[in-house]
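All remarks here apply to the structure that follows.
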Protein chains: 2
Amino acid sequence: KMYKIAVLPGDGIGPEITEQALKALKAVAEHFGHEFQFTEALVGGAAYDAVGHPLPKETLDLCYSSDAILLGAVGGDKWADLPPELTPERGALLPLRKLLGLYANLRPAVVFPALANASTLKPEVVEGLDIMVVRELTGGLYFGEKKREDLPDGTVRVTDTLVYTTEEIVRIARLAFELAAKRRKKVTLVDKANVLESSRYWREVVANMAAEYPDIEFNTMYVDNAAMQLVKMPKQFDVIVTDNMFGDILSDQASQLTGSLGMLASASIGGKIGLYEPSHGSAPKYAGLKRANPIATVMSGAMLLRYSFDMEKEAKAIEDAVTEVLKKYRTRDIMEEGLQLVNTDEMGDRIAEQILAG
Amino acid sequence: KMYKIAVLPGDGIGPEITEQALKALKAVAEHFGHEFQFTEALVGGAAYDAVGHPLPKETLDLCYSSDAILLGAVGGDKWADLPPELTPERGALLPLRKLLGLYANLRPAVVFPALANASTLKPEVVEGLDIMVVRELTGGLYFGEKKREDLPDGTVRVTDTLVYTTEEIVRIARLAFELAAKRRKKVTLVDKANVLESSRYWREVVANMAAEYPDIEFNTMYVDNAAMQLVKMPKQFDVIVTDNMFGDILSDQASQLTGSLGMLASASIGGKIGLYEPSHGSAPKYAGLKRANPIATVMSGAMLLRYSFDMEKEAKAIEDAVTEVLKKYRTRDIMEEGLQLVNTDEMGDRIAEQILAG
Ligand SMILES: [Mg+2]
Ligand SMILES: [Mg+2]
């Protein structure tokens, strides 16, 4: 079978980091005898500059006809003052996720053995950390009705609304349990069930579902306590499942625990076609300098293989290669005394070689 | 002038830690020539057991006729299964805050020099940390309209509502700027203005107010970034002001950064009469064992002096005494090799002596 991958390099450092992920994926294809077809298209500011829209129809068509999407990064000051619907984030990323039905955002927070000292936390607290935050991505407070009302006395009342339906909760929870089954078999639901009605319902639905997974350990935690526990004892977590807003906060907090954001991938899944991208941004000021760390994008490629193509050993081959390469080679952001400094391209080459050698 | 202080020891370790705070306050009275009148009353489970309600009328009357309230802690498994309106938290703390108009929760996260190693973060990251989280306490998502609707197809839709009015935002922001003026003169508004209408309005109101305080540095930060920055570079913050929900999460995250929750005070202010209590709970399993750390309650006494009585040097005297005592004496939770282990009472005595000696 031939697997079609849409490649959207995007803005800033997007093109140069995406290129390294492709090297890794091509090495996997060669090593494991798969056929991947890569097709590039414009997205974000680059697309706006070329054709006047951050998500051109050709790009969208390509995505629809692909098996998975690999994205670099979008955005930059250059396009920040455009009308919202033309900015790279609101005009491309949000509609793309919505059109593809990507309701689940997966954000791994992984500490590589060689990088335990990169964290602001003590090495013994984060060594071996491997958390997967599963964030509901298309509902909740961020997408509810918004109002601004002028009151008779001249003051203002503002309102945001948090809404969830059974179906929205069931599908994200199902995904979290299935994920946990292939990991360390633990799911933590984070909510605020002591005060929010939505949280109380999430807790009912997810606890019910937990009963269908007797071999998965299930617990619940209030969001304020979760924010504390992530600082105090982060290794207690395997899969965290939570709503859009809590997931937004906790996935970023968890990623910062690792101290090396240049290493962290992300996936937006749930629909037929998954979208994979580094969790960091487009870093316009480093664009073209070839000093960006491509590993987050390479690791996004590994997630793509695992979640869209069900290629577990291939995904693992990329992850193992990265672990191995980090013992000797480093980009600037994670450089340490005694190791060899490499640029973006060289890091991609070393990883690809390691995959082929593995 | 005679200052009247209502003393509500509460449940669990509440009585024994409150007693130590009184020792410190009495030492201050003696040393600085003030007159404090302390009157005790029942609250929480202790009140329920004695008279059938967690917030008896006599207690409430005492609070109304006092200049400030010092509270130990309430709650415990023993009362967890009572009807909500009779539990210590919902039946006593929430109504007390509401009746007294306490819309601002102040949560300091302070790392004492002697305890920089107690944190899970590296000492250099948290040494000297001194953050004040100012949380709006009576509005927002936690108090908005809640709904659970059965849909025609048999599924359910749940709703929570986030509402703020101009007045609610103005008063908490004013308080944050006034606080910052007496501290390191920096206010960070945390919101999610890129997606929430309420946040956009908070940002307008608070940014406008910032213009009235030209000598206070003002910045804004999205809540997910704030959760990252608290891990990455927590010392960048002085005063953080934010809504009820974000404040709930960030104040707990910030407190955990210190690694020593037994040290952290809190204040609920905004009305005529302020309420001061440790930010930790009632720890029922340690009740009566005299091993609890009373410092959070002692420090709450210092906040009481500062915010309710405007006694800055007296508050400072307590804080300095604690700093000094920690160089030699420790309760179990913060014990370190080479220092002297003391129990709850002894810690209270050492601090009071130090205030008198200071
Ligand atoms: Mg975020
Ligand atoms: Mg809290």
Side-chain angles (χ1 to χ4, degrees), chain A residues 89 119-126 141-144 146-148 151 154-167 169-170 192 194-202 205 222-234 245-246 248-253 255-257 259 261, chain B residues 89 119-126 141-144 146-148 151 154-167 169-170 192 194-202 205 222-234 245-246 248-253 255-257 259 261:
Chain A
E89 297 81 1
S119 176
T120 53
L121 278 77
K122 292 172 179 164
E124 65 272 24
V125 180
V126 295
L141 195 66
Y142 291 179
F143 289 93
K146 298 164 193 330
K147 267 191 302 200
R148 185 184 292 218
L151 301 178
T155 65
V156 167
R157 177 166 54 206
V158 279
T159 306
D160 288 284
T161 318
L162 197 179
V163 179
Y164 273 109
T165 60
T166 310
E167 173 55 21
I169 304 168
V170 163
K192 189 72 184 178
N194 48 347
V195 285
L196 298 182
E197 185 64 20
S198 53
S199 285
R200 279 190 277 272
Y201 188 60
W202 269 74
V205 169
Y222 295 142
V223 62
D224 48 339
N225 187 30
M228 294 177 78
Q229 295 301 324
L230 277 172
V231 170
K232 187 178 184 183
M233 223 174 22
M245 177 182 52
F246 296 150
D248 182 27
I249 300 170
L250 296 183
S251 63
D252 278 332
Q253 184 188 348
S255 69
Q256 187 61 57
L257 297 177
L261 299 185
Chain B
E89 295 83 1
S119 175
T120 53
L121 278 78
K122 292 172 179 164
E124 66 272 23
V125 180
V126 294
L141 196 67
Y142 291 0
F143 289 94
K146 297 164 194 332
K147 269 191 302 198
R148 186 184 292 218
L151 302 178
T155 65
V156 168
R157 176 167 53 206
V158 280
T159 306
D160 288 283
T161 318
L162 196 178
V163 179
Y164 273 108
T165 60
T166 311
E167 171 56 19
I169 304 169
V170 164
K192 188 73 184 178
N194 47 347
V195 286
L196 299 182
E197 185 64 19
S198 53
S199 286
R200 279 190 277 270
Y201 188 60
W202 270 74
V205 170
Y222 295 143
V223 61
D224 47 338
N225 187 29
M228 294 177 80
Q229 294 300 324
L230 278 172
V231 170
K232 187 178 184 182
M233 224 175 20
M245 178 182 52
F246 296 150
D248 182 27
I249 300 170
L250 296 183
S251 64
D252 278 333
Q253 184 188 348
S255 69
Q256 186 63 57
L257 297 176
L261 298 186

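Proteins get letters first, then strands, A, B, ... in listed order; numbering begins at 1 in each.
- Distance check: A/Thr159 OG1 to B/Tyr201 OH gives 12.0 Å after rounding to the nearest 0.5 Å.
- Within the model, atoms NZ of A/Lys146 and CG of B/Leu162 stand 9.5 Å from one another, a figure rounded to the nearest 0.5 Å.
- Of the residues considered (A/Lys232, A/Glu124, A/Arg157, A/Glu89), A/Lys232 shows the highest number of contacts with chain B, using heavy-atom pairs under 4.5 Å.
- Remark: the backbone N or O of B/Val231 is paired with a side-chain donor or acceptor of A/Thr120 at under 3.5 angstrom.
- The choice from B/Val170, B/Val125, B/Leu250 that makes the most heavy-atom pairs within less than 4.5 Å of chain A is B/Val125.
- When A/Gly259, A/Ser199, A/Ser119 are compared by the number of non-hydrogen pairs under 4.5 Å with chain B, A/Ser119 comes out ahead.
- Interface summary for chain A: among B/Val223, B/Asn194, B/Thr155, B/Asp248, the most heavy-atom pairs under 4.5 angstrom belong to B/Asp248.
- With values rounded to the nearest 0.5 angstrom, B/Thr161 atom OG1 is found 10.5 Å from A/Leu196 atom CG.
- Ranked by heavy-atom pairs under 4.5 Å with chain A, the first of B/Asn225, B/Ile249, B/Leu151 is B/Ile249.
- Only the side chain of B/Phe246 comes within contact range of chain A, with heavy atoms under 4.5 Å apart.
- With chain A as the partner, the residue from B/Thr166, B/Ile169, B/Leu261 showing the most heavy-atom pairs under 4.5 Å is B/Thr166.
- Between A/Asp252 atom CG and B/Gln229 atom CD the span is 10.0 Å, to the nearest 0.5 Å.
- Distance CZ/B/Arg148 to CD/A/Glu197: 4.5 Å, rounded to 0.5 Å.
- The minimum heavy-atom distance linking A/Ser198 with B/Val158 is given by the pair CA-CG2, 3.7 Å.
- For the atom pair B/Met228 CE and A/Leu257 CG, the distance stands at 9.5 Å (nearest 0.5 Å).
- Of the two parts of B/Leu141, the backbone and the side chain both hold a non-hydrogen atom closer than 4.5 Å to a non-hydrogen atom of chain A.
- Only the side chain of B/Met245 comes within contact range of chain A, judged by heavy atoms closer than 4.5 Å.
- Here B/Thr165 is the residue among B/Thr165, B/Val205, B/Val126 with the most heavy-atom pairs under 4.5 Å with chain A.
- The local environment of NZ in A/Lys122 is crowded, with over 12 non-hydrogen atoms from other residues, nucleotides or ligands closer than 6.0 Å.
- With a 4.5 angstrom heavy-atom cutoff, B/Ser255 touches chain A only via side-chain atoms.
- For B/Val156, the parts lying under 4.5 angstrom from a heavy atom of chain A are both the backbone and the side chain.
- Of the two parts of B/Leu230, neither the backbone nor the side chain holds a non-hydrogen atom closer than 4.5 Å to a non-hydrogen atom of chain A.
- Looking at B/Lys192, only its side chain comes within 4.5 Å of chain A, counting heavy atoms on both sides.
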